[in-house]
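For reference, the structure is listed below as structure tokens.
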Amino acid sequence: MWANLTLMNIENFLLDVVCRSVEALYGALNGEQLQIQKTRKEFVGDYTIVTFPLLKMSRKSPEATATEIGEYMTANIPEIQSFNVIKGFLNLTLDSAFWHARFVEIAADDAFGQAPATGRTIMVEYSSPNTNKPLHLGHVRNNLLGYSVAQILRANGHKVIKANLVNDRGIHICKSMLAWKRFGGGETPASSGLKGDHLVGKYYVEFDKHYKAQIKELMAQGVSEDDAKKSAPIIVEAQEMLRQWEAKDPEVYALWQMMNGWVYEGFDVTYKALGVDFDKIYYESQTYLLGKSLVEEGLQKGVFYRRDDQSVWIDLTADGLDEKLLLRADGTSVYMTQDLGTAFRRFEDNKLDDMIYVVGNEQNYHFQVLKLVLKKLGYDWSDHITHLSYGMVELPEGKMKSREGTVVDADDLIAGMIATAREMSDELGKLDDCTEEQAAAVSRMVGLGALKYFILKVDPKKTMLFDPRESIDFNGNTGPFIQYTHARIRSILRKAAEAGIDYEGAVETTYLPEEIDLVKLLTDYPGAVAAAGENFAPSIVGAYVYELAKQFNGYYHDHSILKEENVACRKMRLQLAQQVSRVICSGMQLLGIDVPERM
RNA sequence: GGUUCCGUAGCUCAGCUGGAUAGAGCAACAGCCUUCUAAGCUGUAGGUCAUGCGUUCGAACCGCAUCGGAAUCACCA
């Protein structure tokens with residue numbers, strides 16, 4: 001009768017049942033008045049009904065109302081086993097047969113946690129690096145968030161396109177190019193042994209060094225700081241290089257291609273290490289001219305206006321924002337122009353239903369303007385643009401500043417995490433019977449699991465703190481703890497198989513209260529995934545998986561599953577362990593975290 | 001100054017659209033390895049949810065104000 005409840009949400013079932021009961025007792029009600037929530041741990045019961053909103057209808061005290069509803073339900077709804085009343089709260093306990101049925105559903109459903117296709121197409125843009133320096137900790141948060149959100153949306157049945165818009169042009173890369181040409185002596189990734197992105201980053205720093213020195217020199221000669229910044233020979237030369245690039249000067253273009261090529265090779269290594277990937281890669285060198293036709297359109301519609309110097313603007317002061325430039329006086333485009341153009345083209349080309357930009361919160365204003373401008377141009381899909389804004393990652397000493405060398409390099413960080421995981425494993429003797437290859441693979445998974453979970457468990461919009469010295473914990477609410485729980489379960493199941501204990505097949509029905517708690521948690525999984533998708537928050541999935549792992553450890557650690565006297569109970573426990581491991585794997589996959597079979 | 005976001009235990013963070021006595025982990029303290037992996041388990045201690053007022057049966061959550069912190073307000077991307 002209530003088939004496939006796990007996919008539908010048990011609370012809806014209860015809502016329906018409670019609604020009918022209340023109506024039988026007190027007459028029609030509007031659905032808003034019913035509130036159902038999970039019963040808190042300190043109390044007996046599975047779900048709780050808050051009766052306060054119903055008092056007007058029942059015209060009785062909270063206790064009397066709760067008792068009356070409880071009595072009616074236990075008498076008339078077979079799934080309701082018992083109830084108790086505390087103050088105005090009616091705690092309902094569901095029949096263990098009900099939970100058993102839910103468990104059978106989960107066990108039989110190969111696609112558990114995967115919602116049916118919605119037909120919606122969503123693009124998630126993330127990463128979006130500049131090509132003048134290597135990735136750092138801030139990018140790591142961006143990449144992990146973007147990848148995980150894409151996975152979660154996919155699990156919710158949407159078609160997801162992961163996109164990366166690489167900022168491969170501009171003054172920044174010209175700075176690296178110029179410094180390399182001047183001071184590089186023909187150095188290449190192969191000759192220097194440096195990763196391509198690090199090599200290019202090195203020359204970006206080199207440029208800055210010379211630039212600063214020249215400014216200082218000019219200021220010593222009495223030039224003002226502003227003028228010095230503009231007239232330092234090296235920056236003038238870099239700007240000239242950018243002009244040559246735009247004119248497609250063969251030599252400059254070749255240099256640009258070569259150095260960007262090095263950077264991409266370097267990025268690929270980092271992306272692979274992080275486990276992220278993309279379906280589409282866009283390059284700004286190919287999109288930076290987009291958007292000019294939209295500017296024309298805006299002018300014709302009278303949404304934009306032209307100033308005397310021929311630059312184009314939009315006045316958003318009526319909306320509480322400022323005036324914004326859309327086209328320079330010389331007719332060249334700015335950031336906003338391109339973004340309008342790329343947004344337009346993406347919605348057109350891919351028939352997108354939604355577009356999600358994973359971009360740091362320093363661009364909140366930019367996206368506010370972007371959406372508003374599109375709206376004013378009459379594009380209603382503007383409402384389907386979401387800026388998934390995330391806070392900065394701060395270090396204990398304060399903010400990260402690339403100029404001051406206080407950045408945490410992504411590659412160093414990853415290597416450090418893996419090394420720490422390896423040390424920990426060796427110390428504990430966990431991987432003594434493994435081959436070197438296996439041990440290395442597990443250390444990778446654990447080190448990265450720690451890093452990813454640490455970053456993803458924090459609410460994206462919050463500024464978070466990262467302490468590299470203490471590195472990252474491997475105990476408590478961490479990725480490794482969840483991985484550990486999974487590895488333990490796999491080990492139990494291996495040993496059961498070796499001992500010839502049969503735990504597959506028909507699902508047993510003997511439950512202890514602890515096991516029902518676990519079944520309850522398991523059934524919540526699709527709801528957690530859906531909530532995470534709605535809120536663009538991998539942290540919700542993280543919290544869920546951690547809770548599941550913790551409960552499993554708590555309940556099962558001190559009991560022997562394999563040596564249980566009661567064979568039926570043992571079989572049931574093994575089946576439950578198997579499902580827990582399945583859901584852990586599935587949840588961790590949504591976070592982009594690999595789960596080792598042993599550790 | 002305008003806009004947006006944040007402020008919860010010593011530290012790092014949860015707390016979904018208002019619901020019961022505020023939740024974890026770390027750090028501290030006390031136990032637990034001849035039983036499935038101790039990267040673990042059990043327990044103790046730790047809070048004026050920045051502050052004040054309001055809304056109501058009921059507020060960490062909603063509204064207003066104040067105080068602290070962050071981002072942004074570029075012919076950079």
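So you know, we letter chains A, B, ... as the sequences are listed, proteins then strands, and number each from 1. Only this structure's heavy atoms are used, side chains among them; waters, hydrogens and symmetry mates stay out.
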State which residues pass side-chain contact (heavy atoms from CB on, under 4.5 Å) with A:Lys230; sequence neighbours excluded, sorted by chain then number. none
Applying the ring pair (Phe, Tyr, Trp, His ring centres under 6.0 Å) test to A:His387, which of A:Tyr357, A:Tyr365, A:Phe367, A:Tyr126 qualifies? A:Phe367
Donor-acceptor pairs are to be reported for all side-chain atoms of residues 171-178 of chain A against protein atoms at under 3.5 Å, with residues two or more places apart or in another chain.
residue, atom, partner, partner atom, Å
A:His172, NE2, A:Asn167, ND2, 3.3
A:His172, NE2, A:Arg169, O, 3.1
A:Ser176, OG, A:Val200, O, 3.3

Contacts table for residues 438-461 of chain A: side-chain donor-acceptor under 3.5 angstrom, sequence neighbours left out:
residue, atom, partner, partner atom, Å
A:Gln438, OE1, A:Thr435, N, 3.0
A:Gln438, OE1, A:Thr435, OG1, 3.4
A:Ser443, OG, A:Ala439, O, 2.9
A:Lys452, NZ, A:Leu274, O, 2.8
A:Lys452, NZ, A:Gly592, O, 2.6
A:Tyr453, OH, A:Asn477, OD1, 2.6
A:Tyr453, OH, A:Gly542, O, 3.2
A:Lys457, NZ, A:Asn477, O, 3.1
A:Asp459, OD1, A:Lys461, N, 3.3

Of all the choices, B:U37, B:C6, B:C13, which nucleotide is nearest to the side chain of A:Met464 once you look at every atom? B:C13
Using the P atoms only, state how far B:U8 lies from B:C62, rounded to an integer number of Å. 16 Å
Letter per nucleotide, 5' to 3', of nucleotides 15-21 of chain B [B base touched, S only sugar-phosphate touched, - untouched; heavy atoms, 4.0 Å]: ----BBS
By the 4.0 Å heavy-atom rule, please label A:Met599 as base, sugar-phosphate, or nothing. base
Between B:C32 and B:U48, how far is it from one C1' atom to the other, in whole Å? 37 Å
Rounded to whole Å, the CD-P distance (A:Glu427 to B:G40) equals 14 Å
Considering only atom C1', compute the distance from B:C49 to B:A59 and round it to an integer number of Å. 11 Å
Pick one for B:C33: is it syn, with its angle within 90° of 0, or anti? syn
Whole-Å distance between B:G40 P and A:His559 NE2? 18 Å
Once side-chain contact (heavy atoms from CB on, under 4.5 Å) is applied, do any residues pair with A:Asp227, and if so which ones, sequence neighbours excluded? A:Val223, A:Ser224
Whole-Å distance separating the CG atom of A:Asn361 from the P atom of B:G69: 18 Å
Only counting residues at least two apart or in another chain, list the ones meeting ring-ring contact (aromatic ring centres under 6.0 Å, His included) with A:Tyr288. A:Trp245
If you measure only the distance, is there a donor-acceptor pair under 3.5 Å linking the side chains of A:Thr93 and A:Asp46? no
Tell me the ring-ring contact (aromatic ring centres under 6.0 Å, His included) pairs involving residues 477-504 of chain A, sequence neighbours left out? A:Phe481-A:Tyr546
Who are the ring-ring contact (aromatic ring centres under 6.0 Å, His included) partners of A:Tyr283, not counting sequence neighbours? A:Tyr264
Rounded distance (Å) that lies between atom C1' of B:C26 and atom OH of A:Tyr546: 11 Å
Could you state the atom-to-atom distance from OH of A:Tyr453 to P of B:G25 in whole Å? 12 Å
Would you mind telling me which of B:C26, B:A14, B:C41 lies closest to the side-chain atoms of A:Val458? B:A14
Between A:Lys461 and A:Ala549, the residue closer to the 5' end of RNA chain B by nearest nucleotide is A:Lys461
Are A:Lys60 and A:Thr65 close enough that some pair of their side-chain heavy atoms sits under 4.5 Å apart? yes
Whichever of A:Asn364 and A:Phe474 has the more 5' nearest nucleotide on RNA chain B, that residue is A:Asn364
With rounding to the closest Å, how many angstrom separate the C1' atoms on B:C6 and B:U12? 16 Å
If we take the P atom in both B:A39 and B:A27, what is their distance in whole Å? 14 Å
Assign A:Ser425 to base, sugar-phosphate, or nothing according to its heavy-atom contacts below 4.0 angstrom with the strands shown. base
In whole angstroms, how far is the P atom of B:A39 from the CG atom of A:Leu428? 5 Å
Sequence neighbours left out, what passes side-chain hydrogen bond (donor to acceptor under 3.5 Å, both in side chains) with A:Gln368? Give chain and number order. none
Give one of base, sugar-phosphate or nothing for A:Ile561, where a contact means two heavy atoms less than 4.0 Å apart. base
Length of the OH-P vector between A:Tyr365 and B:U3, whole Å: 12 Å
If the condition is side-chain contact (heavy atoms from CB on, under 4.5 Å), which residues does A:Pro129 pass it with, not counting sequence neighbours? A:Ser127, A:Leu135, A:Asn164, A:Val166, A:Phe267, A:Tyr271
Between B:U55 and B:G10 - C1' atom distance, rounded Å: 36 Å
Which nucleotide in the set B:A14, B:G40, B:U4 lies at the smallest distance from any side-chain heavy atom of A:Ala543? B:A14
When you compare B:C26 with B:U42, how far apart are their P atoms, in angstrom units rounded to a whole number? 11 Å
Examine B:G40: is either OP1 or OP2 under 4.0 Å from a nitrogen or oxygen in the side chain of A:Asn475? Give yes or no. yes
Grab the CG-P distance between A:Leu55 and B:G58 for me, whole Å please. 13 Å
Could you work out the separation of B:A14 and B:C61 based on their C1' atoms and round it to a whole Å? 14 Å
A:Thr478 and A:Asp473: side-chain donor and acceptor closer than 3.5 Å? no
Check the interface with nucleotides 74-77 of chain B: list each N/O to N/O pair with the protein under 3.5 Å, or write none.
residue, atom, partner, partner atom, Å
B:C75, N4, A:Asp309, OD2, 2.9
B:C76, OP2, A:Arg328, NE, 3.4
B:C76, OP2, A:Arg328, NH2, 2.9
B:A77, OP1, A:Arg328, NH2, 3.4
B:A77, OP2, A:Tyr335, N, 3.4
B:A77, O3', A:Glu284, OE1, 2.4
B:A77, O3', A:Glu284, OE2, 3.2
B:A77, O2', A:Asn167, ND2, 2.4

Based on Watson-Crick and G-U pairs with both distances under 3.5 Å, what dot-bracket line describes RNA chain B 5' to 3', crossing pairs as [ ] and inter-strand pairs as |? (((((((..((((.....[...)))).(((((.......))))).....(((((..]....))))))))))))....
Is there a side-chain contact between A:Tyr47 and A:Lys38 (heavy atoms, below 4.5 Å)? yes
